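Beneath this line is the structure, given in structure tokens, with notes to follow.
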Amino acid sequence: MSKRKNPSDDNNLNSDFCDFLMELAEYEKNVSRNVHKYNAYRKAASVLATHSKRIESGDEAKKLSGIGDKISKKIDEFLQTGKLRKLENIHQDEDAQAINTLTRVTGVGPVKAAEFVRNGIKSIEDLRNNIDKLTHHQTIGVRYFEDFEKKIPRKEIQDIEGKLKNLIKNLDPEFTVTICGSYRRGKRESGDIDALVTHPSLKINEKKKKHEAKLMKSLVDALKGLVTDVISIGDTKFMYYCAILYFTGSDVFNKTMRAHALDKGFTLNEYALRPVGVTGVPGEPVQISSEEDVFDYIDYPYKTPEERNM
DNA sequence: CATTAGAA
DNA sequence: TCTAATGA
């Protein structure tokens, strides 16, 4: 549930361009609602981010794929003046700013944000004073607004993990709980906590949807002690190792692994690993009994979760 | 890309 | 039913 965007910076020499491009992208998506411009800006940012030499002019940039006339000119403008008129204007546009901040509340997207603003609701505080105009989801979003933007220290996650496990194991010792995400990759703090819960009878008896449902509801009830607010409840999804793999990430690790699978003749996703026939398309999911299996099949050197921090 | 809430 | 929002 982390809403913070991860820009493509760190050690790229065009990061300043990337920054303004990303800002433009955000603007296009939240305020104007132009997904194309949004995508255009971000692909441009991404090529610039990977390009291994500092761009000195718009024309130079223009050679890169994804950078055309407009962006090329913006790069020039930025290079000369240290600024961007378009961005300056956006910064001065109060409503645009308001939309951007409202959008940080989970449950509030570009459309609602715009609607709120047009109805004079322009700040988090305004939202708090109009809690009657919010959905349940949004209410939680504003109630914990600050908390949601904070990172969660590993130790805190650890003890939630402990409580969760006790609760669940006591419910039914067959349950197994795995906290994935950056926590599993050993990070000191995380944006959220991804818990994967499985039960053996769910793995094989896929057919018995009845048992499945029972298990799920008892699980949900058991969680009531630990959980303070529920945003939404859905109908059970099932995946296993592929899911653990997937939810452990990181995103870029997943991408590279998927790509690798691909040229080893497999297609990998959150549910399964399947061989791809040259005819064009894929077939029966291969049997996976561990995360390692997945690596094996596509003969990709096994990486521990800690090594997946790419 | 699939899943949920909610509204009217 | 559709539409908006989340995630990953």
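The structure presented is a predicted model; accordingly, all values stated were derived computationally and were not measured.
The interatomic distance linking A:Lys133 (NZ) with C:dA4 (P) rounds to 21 Å, in whole Å. C:dG7 atom P lies 12 Å from atom CZ of A:Phe247, rounded to whole Å. Separating the CD1 atom of A:Ile193 from the C1' atom of C:dA8 is a distance of 17 Å, rounded to the nearest angstrom. Taking atom CG of A:Asn254 as the reference point, atom P of C:dG7 lies 17 Å away to the nearest angstrom. To the nearest angstrom, P of C:dA5 lies 17 Å from CD1 of A:Ile140. A:Tyr271 places its OH atom 11 Å from the C1' atom of C:dG7, with the value rounded to the nearest Å. Between the CG atom of A:Asp251 and the P atom of C:dA8 there is a distance of 9 Å, rounded to whole Å. Rounded to whole Å, the distance from CE on A:Met257 to P on C:dA8 is 19 Å.
Relative ring orientation between A:Phe17 and A:Phe78 is described as perpendicular, the plane-to-plane angle rising above 60° on a 0-90° scale split at 30° and 60°.
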Protein-nucleotides 5-8 of chain B N/O pairs closer than 3.5 Å?
{"residue": "B:dA5", "atom": "OP1", "partner": "A:Ile233", "partner atom": "N", "Å": "3.2"}
{"residue": "B:dG6", "atom": "OP1", "partner": "A:His136", "partner atom": "N", "Å": "3.4"}

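Side-chain atoms of A:Val111 lie closest to C:dA4 of the nucleotides C:dA4, C:dA8, C:dT6.
Distance alone, capped at 3.5 Å, is enough to place a donor-acceptor pair between the A:Lys43 side chain and the A:Gly66 backbone.
Between the side chains of A:Glu161 and A:Tyr183, at least one donor N or O lies within less than 3.5 Å of an accepting N or O. Between the side chains of A:Glu23 and A:His91, at least one donor-acceptor pair of N or O atoms lies under 3.5 Å.
Residues that satisfy the ring-ring contact (aromatic ring centres under 6.0 Å, His included) test with A:Phe266, not counting sequence neighbours, are absent from this structure.
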Please report, to 0.1 Å, the donor-acceptor pairs under 3.5 Å made by any side chain of residues 225-232 of chain A, with sequence neighbours excluded.
{"residue": "A:Asp229", "atom": "OD1", "partner": "A:Tyr144", "partner atom": "OH", "Å": "2.6"}
{"residue": "A:Asp229", "atom": "OD2", "partner": "A:Arg143", "partner atom": "NH1", "Å": "2.7"}

